[in-house]
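Beneath this line is the structure, given in structure tokens, with notes to follow.
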Amino acid sequence: MRFAPSPTGHTHLGSGRTALYDYLLARQTGGQFILRIEDSDQKRYVEGAEQELMDSLRWLGLEWDEGPDKGGPYGPYRQSERKEIYQQYAWELVERGSAYPCFCSADRLAELRQEQQSRRETGRYDGRCRRIPPAEAAARVADGEPHVIRFKMPHEGSITVNDYVRGEITVENANLDDYILVRSDGLALYHLAAMVDDHLMKISHVIRGSEWLPTFPLHVHILRALGLQEPVFVHLSVFLKPSGKGKMSKRETAALMQDGYSIFIKDLKELGYTPEGVLNWIALMGWSYDDHTEFFTLADLVDKFSLERLNPAPAAINFTKLDHFNGLHIRSLSDEEIARRVQPFFEIAGYATSQDKLLRIAPLIRERMVTLDDAVPMAGFFFKDQVMPAAQELVGKNMTPAESLRAVQRTYHLLAGLRDFSHESAEGPLRELADELGIKAGQLFGILRVAVTGQIVSPPLLESMAILGRDVVLDRLQVAARMLEDNIES
RNA sequence: GCCCCCAUCGUCUAGGGGACCAGGACGCAGCCCUUUCAAGGCUAAAACCAGGGUUCGAAUCCCUGUGGGGGCACCA
């Protein structure tokens with residue numbers, strides 16, 4: 001198995017899914033998962049993209065067995081370092097009569113294309129250099145005349161290729177072009193390079209996006225002309241934008257960020273998504289296990305994934321489903337894991353935290369988080385020196401400021417006199433106090449919640465107070481009482 | 001324009017001639033639980049793109065149309 005991305009931008013969901021399926025297949029068959037960088041076009045190379053790719057893959061937990069950074073028996077693993085290999089195969093193709101050097105300039109080609117377009121024809125090479133006798137062509141090449149190498153596509157007949165998810169696809173050769181295989185700078189294009197590499201690296205399954213379907217017949221032509229064995233080709237459906245109308249554009253990608261979503265793996269990490277959630281989500285875009293199972297860990301997927309259940313239809317990206325899966329996986333994490341994963345987000349927000357305290361907070365926030373960064377607004381009050389409640393929010397529902405003040409004062413004395421400051425020992429007395437004050441427990445808790453956490457919504461109040469400790473709670477109640485007093489006077 | 005692919009609730013999907021007045025999930029609505037918010041439980045609304053065939057019988061097979069997507073580079 002191999003995952004062969006090109007380092008031309010941010011690593012996105014589609015790459016993640018392809019890599020995932022590659023990884024799964026490799027793991028379940030005991031094969032190797034190879035990372036090969038398709039950087040044969042230096043013009044499109046983006047600095048840092050390769051590093052981001054590897055970071056993203058590792059974050060997802062998809063560690064490769066062979067790759068540019070760790071070597072392996074079939075290296076090098078960057079196409080830019082394999083130029084001579086492709087040259088050799090390209091000329092073998094020429095010798096076999098399946099390819100030929102072409103001396104047409106890029107200018108002439110552009111002109112030709114324009115002409116064809118004006119006549120509303122499909123852009124295709126007119127075959128001028130195809131007619132040059134091989135001996136003459138070889139001589140011109142030996143003379144150093146600039147040239148590319150083209151595939152000599154048969155004019156007659158058709159070719160039938162087999163895609164694992166779609167079955168047989170038959171195309172008339174007349175609809176295919178004399179594609180360029182090697183550039184004038186001597187570097188091979190994807191069409192040749194990928195086929196040669198996959199053969200040399202003993203790749204059994206080629207999993208790639210369906211954007212390769214149109215050139216799929218060319219690839220099989222090359223393979224057959226070279227006499228190479230054909231791997232199993234699996235073309236995955238594309239991802240559509242959430243509306244289902246068309247694929248993601250640059251603008252929409254930027255707009256998505258406003259809503260806290262992204263199609264880039266590295267963003268997802270920063271937004272507080274877990275690798276488990278992302279993996280589960282993308283695994284099910286175009287694949288299913290049965291009619292009801294949806295929760296999968298990576299290990300589950302290794303166990304249960306199969307190419308048979310791939311779906312050829314394009315799939316719209318559904319981010320609310322990502323939220324759902326992320327929440328599901330956060331809830332299945334241990335306290336230790338939650339504490340560990342949530343800490344970086346507190347750090348970014350400027351809070352000094354301790355694992356010890358986070359460990360005690362974890363059970364209180366586990367069921368309330370959709371993304372890991374939700375922990376910060378939810379539990380930030382644990383790490384603040386003081387909270388700043390809004391004066392009006394300290395007034396209980398359907399209560400006057402004076403009544404609220406009294407409730408805070410009574411609570412202060414009750415808690416100050418409590419033998420031990422635990423959730424269990426505080427609850428009974430506080431409910432009795434509410435009764436005594438003639439208010440509902442909910443009203444009392446509401447006032448206290450704002451006083452102690454500074455928030456209208458918070459994790460369970462009494463558990464939170466126990467973690468904060470008696471001193472902090474009493475202190476915050478005192479502050480709240482003062483604010484209420486000021487409120488009453490003014 | 002030409003070539004290729006695809007088509008079940010809003011979305012992801014199950015289904016592959018009778019087991020389907022079409023199942024699950026997300027989201028949405030309601031109810032229950034509840035100290036807030038969640039989580040959890042229950043209930044509801046919601047789909048076989050259209051038209052022709054084949055067949056005793058079609059969501060399922062075939063054709064046409066329509067819609068959507070992809071491609072038509074010395075990009076991948």
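Throughout, protein chains are lettered first and strands after them, A, B, ... in sequence-line order, and every chain is numbered starting at 1.
Of all nucleotides present, only B:C6 satisfies the Watson-Crick or G-U wobble test against B:G67, with each distance under 3.5 Å. Pair assignment for B:G16 gives none, since no Watson-Crick or G-U wobble pairing has each distance under 3.5 Å. For B:C61, the paired base is B:G53 (Watson-Crick or G-U wobble, both distances below 3.5 Å). Nucleotide B:U36: unpaired (no Watson-Crick or G-U wobble partner with both distances less than 3.5 Å). Summarising the base pairing, B:U11 is matched to B:A25 through a Watson-Crick or G-U wobble pair whose two defining distances lie under 3.5 Å. Here B:A47 sits opposite no nucleotide as a Watson-Crick or G-U wobble pair (both hydrogen-bonding atom distances under 3.5 Å).
Distance noted for atom P between B:C42 and B:C49: 30 Å (whole Å). Between B:G23 and B:C62, the distance separating the two C1' atoms is 27 Å to the nearest Å. For B:G10 and B:G68, the C1' atoms lie 16 Å apart once the distance is rounded to whole Å. Taking atom C1' on both B:A58 and B:C2, the two are 34 Å apart, rounded to the nearest angstrom. One C1' atom belongs to B:U11, the other to B:C37, and the distance between them is 26 Å to the nearest Å. Rounded to whole Å, the C1' atom of B:U13 lies 13 Å from the corresponding atom of B:A7. Separation of the C1' atoms belonging to B:G30 and B:G70 is 43 Å when rounded to the nearest angstrom. On the C1' atoms, B:U55 is 26 Å away from B:U66, given to the nearest whole Å.
Within 4.0 Å of A:P217, counting heavy atoms only, lies no atom of the nucleic acid at all.
Look at CG on A:N280: it is 15 Å from P on B:A25, rounded to the nearest Å. Atom-to-atom, CE of A:M465 to C1' of B:U35 comes out at 11 Å; the value is rounded to the nearest Å. Rounded to an integer number of Å, the gap from CG of A:L462 to P of B:U35 is 10 Å. A:N326 places its CG atom 14 Å from the C1' atom of B:C26, with the value rounded to the nearest Å. Rounded to whole Å, atom P of B:G15 lies 13 Å from atom NE2 of A:H292. Between A:L364 atom CG and B:A39 atom C1' the separation is 13 Å, expressed in whole Å. Between the NZ atom of A:K440 and the C1' atom of B:U34 there is a distance of 14 Å, rounded to whole Å. As rounded to whole Å, 20 Å separates atom P of B:C2 from atom CD of A:E115.
A:N173 contributes no side-chain N or O that, together with a main-chain N or O of A:H155, makes up a donor-acceptor pair within less than 3.5 Å. The closest donor-acceptor contact from the side chain of A:Q443 to the backbone of A:K440 lies under 3.5 Å. A distance-only check finds no donor-acceptor pair linking the side chain of A:R128 to the backbone of A:C102 [under 3.5 Å]. Checked by atom type and distance alone, the side chain of A:Y273 never pairs as donor or acceptor with a backbone atom of A:V370 at under 3.5 Å.
Of the residues A:R36, A:R78, A:R2, the one that meets the salt bridge (Lys or Arg N to Asp or Glu O under 4.0 Å) test with A:D197 is A:R36.
Annotation: cation-pi geometry satisfied between A:R150 and A:Y125 (NZ/CZ under 6.0 angstrom from ring centroid, within 45° of ring axis).
Between A:H219 and A:W212, the ring planes lie tilted relative to each other; the angle falls in the 30° to 60° range. Aromatic ring orientation, A:H329 versus A:F295: parallel (interplanar angle below 30°, classes split at 30° and 60°). Using the six-membered ring where Trp is involved, A:H235 and A:F233 have ring planes that are parallel, under 30° apart on the 30 and 60° scheme.
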B/S/- along nucleotides 71-76 of chain B (protein heavy atoms under 4.0 Å) is SBSBBB
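With a 6.0 Å radius and a threshold of 12 heavy atoms from other residues, nucleotides or ligands, A:E47 has its CD atom at or below the threshold. By the neighbour-count criterion of 12 heavy atoms within 6.0 Å, atom CD1 of A:I456 is sparsely surrounded, having that number or fewer from other residues, nucleotides or ligands.
Toward the 5' end of RNA chain B, the nearer of the two residues A:S458 and A:L322, judged by each one's closest nucleotide, is A:L322.
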Considering only nitrogen or oxygen atoms on both sides, find all protein atoms under 3.5 Å from nucleotides 5-14 of chain B and state each distance.
| residue | atom | partner | partner atom | Å |
| --- | --- | --- | --- | --- |
| B:C5 | O2' | A:R166 | NH1 | 3.1 |
| B:C12 | OP1 | A:A316 | N | 2.9 |
| B:C12 | O2' | A:L284 | O | 3.0 |
| B:C12 | O2 | A:K321 | NZ | 3.4 |
| B:U13 | OP1 | A:G286 | N | 2.8 |
| B:A14 | OP1 | A:S288 | OG | 3.2 |
| B:A14 | OP2 | A:N311 | ND2 | 3.4 |
| B:A14 | O3' | A:R309 | NH2 | 3.2 |

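Contact between the side-chain N/O atoms of A:R331 and the OP1/OP2 oxygens of B:G40 is found at a separation under 4.0 Å.
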